[in-house]
Amino acid sequence: MADSPGDRILVTGALGQIGSDLVSRLREVYGQNSVIATDVQDQGDFPAPFLHLDVLDRDSLRQIISHYSIRTIYNLAAILSAHGEKDPDLCERVNLGGLQNVLDASREYGCRVFSPSSIAVFGPDSRPIARQASSLNPTTIYGVTKKKGEEMMLRYWENYGVNARGIRYPGLLSWKTVPTGGTTDYAVEVFNEIQAKGEYTFYVREDTRLPMMMMEDAIRATLMLMEAPSQGLSQWRAGYNVRGLTFSAIELATMIVAKKPGVEMRYVPDDRQKIADSWPEDLDDSPAKQEWGWRSTYDLEKMVDVMLAGFA
Ligand code: NAD
Ligand code: AKB
């Protein structure tokens, strides 16, 4: 079993919101050619090394791991919450079938695995604050795949020694890639659209409050967890709560308008409201703090300043 994250790294779903930032950070830390980015979409202008890979294609996955001597896999290939409600079959196949392929191949080739979970594992009974040990009663198909994914990772660790780890990311905020297919996307879309049009219509009510995190913090948390010694991790290793910040849509809008007077905000909830209402408003992340030293670094004002500068 490889225990150093410095060996060759494979990233699946690398063209997505997290992959675009995580791959460049991993390449800064471990070297450009040590990180093989892959996705089911075309490479476009994504920097090499890049390979086409569908996580449902077990043979190609195994060939790449073997050919490139991969020792660590960051499995980011997934279908997010809003897209998942529209295509539940695809969501289950990619999020669970893809993860199983990654875990099976990792068992065979001795790879370490990071595969993200989400605040979507929680259901309405976890509101307002989801604790690490709160019951997991998700009401979306995406949340169900994330809950089952955590269970699968724990089973592969306990039964086969696959060194698999995960974080229940909050909604992630980044300015390099605008997210699509999720429920928390509004907290990034707003910055993109006010820049282009001077106005934004939130697809959630103004009192909608969800846990969020800046991408910089999310990537730092990811690398901290992957570098933590295995013996220090508890039964939460497949899905740690990590807290970044929490704000309502109107608190976000008010902070943006304070920095950019004249911008217009409206609220016209659509079917993503129901998903947002099923998730917690905030998180308790005591185990991540105690077991591997997690601390977030952003508040609402700092986040808004960085996002406005990023989209300028
Ligand atoms: P994303 O939708 O931006 O990117 C996912 C990528 O996976 C896309 O590039 C897509 O082309 C690729 N993909 C889809 N099907 C594939 C397949 N069959 N084979 C290979 N690639 C495939 O998602 P993201 O925001 O980057 O999320 C990455 C992971 O983090 C997911 O597991 C997601 O559930 C989790 N997560 C994200 C957030 C967030 O706010 N971004 C929050 C919580 C958890
Ligand atoms: C989504 O909204 O689906 C994601 C998530 C919180 O998992 N951003």
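In listed order, ligands and their atoms are each counted from 1. Hydrogens, waters and symmetry mates are skipped; everything else that's a heavy atom, side chains included, is used.
Side-chain atoms of S81 and T140 form no donor-acceptor pair, as typed in the model, at a separation below 3.5 Å. Side chain to side chain, E281 and T246 fail the donor-acceptor criterion of an N or O pair below 3.5 Å.
Where the criterion is an N or O separation shorter than 3.5 Å, residue side chain and backbone included, S118 meets it with respect to ligand 2.
Contacts of A120 with ligand 1, taken as heavy-atom pairs under 4.0 Å, are absent altogether. Contact annotation for I119 and ligand 1: no heavy atom of the residue comes within less than 4.0 Å of the ligand. Heavy atoms of V94 found under 4.0 angstrom from ligand 1 belong exclusively to the side chain. Looking at S115 against ligand 1, nothing comes within 4.0 Å, counting heavy atoms.
In terms of protein heavy-atom proximity, atom 8 (N) of ligand 2 is nearest to T184 OG1, 2.8 Å.
Near T183, the atoms of ligand 2 lying under 4.0 angstrom from a non-hydrogen atom of the residue are 1 (C), 2 (O), 3 (O).
With salt bridges taken as basic N to acidic carboxylate O contacts below 4.0 Å, none links D277 and K274. E150 has a carboxylate O that lies under 4.0 Å from a charged side-chain N of R168, or vice versa, which qualifies the two as a salt bridge.
Here F114 contributes atom CZ and L76 contributes atom CG; the two are 7.5 Å apart, rounded to the nearest 0.5 Å.
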